[in-house]
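For reference, the structure is listed below as structure tokens.
In this chain, numbering begins with 1 at the start of the sequence shown. Start at 1 and go down the list; that is how both ligands and their atoms are numbered. Just so it is clear, the model here is predicted, and its values are computed rather than measured.
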Amino acid sequence: MTPIRKAIFPVAGLGTRFLPATKAMPKEMLPVVDRPLIQHVVDEAREAGIEHFIFVTGRNKAVIEDHFDRQFELEVTLKERNRQSDLKLLSGDLPEAGTASFTRQQSPLGLGHAVWCARELVGNEPFALLLPDVLVQHTPGCLKQMMDVYAGLGGKANVIAVEEVPPERIHMYGVVGVGAQKGKSFAITGMVEKPPREKAPSNLIITGRYILQPEIFGILETQTGGAGGEIQITDAMITLAKSQAFHGLKFDGKSFDCGSKIGFLAANVAYALERPDLAPAFRAELKKLLG
Ligand code: G1P
């Protein structure tokens with residue numbers, strides 16, 4: 001089985017739900033505690049063994065590229081001040097030279113189109129796709145859990161992370177149909193993007209982590225607009241599922257939809273409560289606030 005070495009991060013979205021915070025700053029740079037959202041997701045990919053990080057960006061997103069580069073003046077200042085732990089933190093986060101690539105989605109035509117924009121950088125090999133709006137809090141991370149499942153599958157397999165949501169949220173996501181269980185994963189029998197609740201095949205939604213075969217690119221090439229008029233990755237996966245197996249994994253861990261304000265705020269609280277340096281004082285503050 002071909003190993004998964006590359007991951008795509010679609011980061012071209014406008015982030016209008018977070019205005020005015022995202023007027024001049026990409027939503028992916030909003031911090032969850034003290035790491036930008038995108039850094040959390042890159043951390044997850046790295047833990048899973050990803051070697052090459054492909055960012056599909058857009059206009060006004062140059063700061064993301066800067067974030068994954070050296071900050072020379074800052075390093076000099078930190079050295080002068082002998083701030084060794086900060087220097088170590090920065091160098092630990094830095095991708096090795098040549099392992100981060102950036103390409104632009106020139107028009108906002110949908111998630112499927114964003115993925116297609118990375119086709120030349122991915123080439124003819126399976127890859128991971130991580131949506132930076134979604135954080136999953138767990139060790140090992142969601143993608144690592146998916147990699148372990150993928151390693152046990154034969155042939156050209158695709159793996160999608162799924163989770164249960166209450167009925168009133170189903171229409172906001174891609175939804176999968178559930179077939180036979182095989183070990184930790186199950187066969188996906190169908191997929192539909194943002195169905196009305198009564199037409200959904202289950203209450204299991206696509207969480208924003210995928211392992212996909214490169215044949216998806218050829219399908220995306222001619223994919224027309226789906227839900228919301230956008231070129232949807234889910235529609236391309238439905239076509240690919242006619243010739244390749246799709247497996248769903250109910251991952252361990254709690255997910256946060258950081259594309260919504262409540263999800264983003266909850267992620268900040270949850271991640272702060274996991275930090276030994278912050279948790280005791282933060283818990284005390286929360287108690288006071290909550291009365
Ligand atoms: C996208 C996918 C959808 C998935 C969701 C997860 O939708 O199209 O299938 O369930 O991400 O967050 P979006 O949130 O971009 O509308």
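For Asn82 and Gln84, the side-chain atoms include at least one donor-acceptor pair closer than 3.5 Å. Between the side chains of Thr2 and Glu125, not a single donor N or O lies within less than 3.5 Å of an accepting N or O.
When all heavy atoms of Leu90 and Leu78 are compared, the pair lying nearest together is CD1-CD1, 3.8 Å.
Here the rule is salt bridge (charged side-chain N to carboxylate O under 4.0 Å, His left out) with Glu44, and of Arg209, Arg35, Lys144 only Arg209 fits it.
Ring orientation note: the planes of His40 and Tyr271 are nearly perpendicular, at an angle over 60° on the 30°/60° scale.
Under the 6.0 Å cut-off for aromatic ring centres, Phe217 and Phe127 qualify, their centroids lying closer than that.
Residues lining ligand 1 at a heavy-atom distance below 4.0 Å are given as Leu111, Leu131, Val134, Tyr173, Gly174, Glu193, Lys194, Ile206, Thr207, Tyr210, Gln232, Thr234, ordered by chain and residue number.
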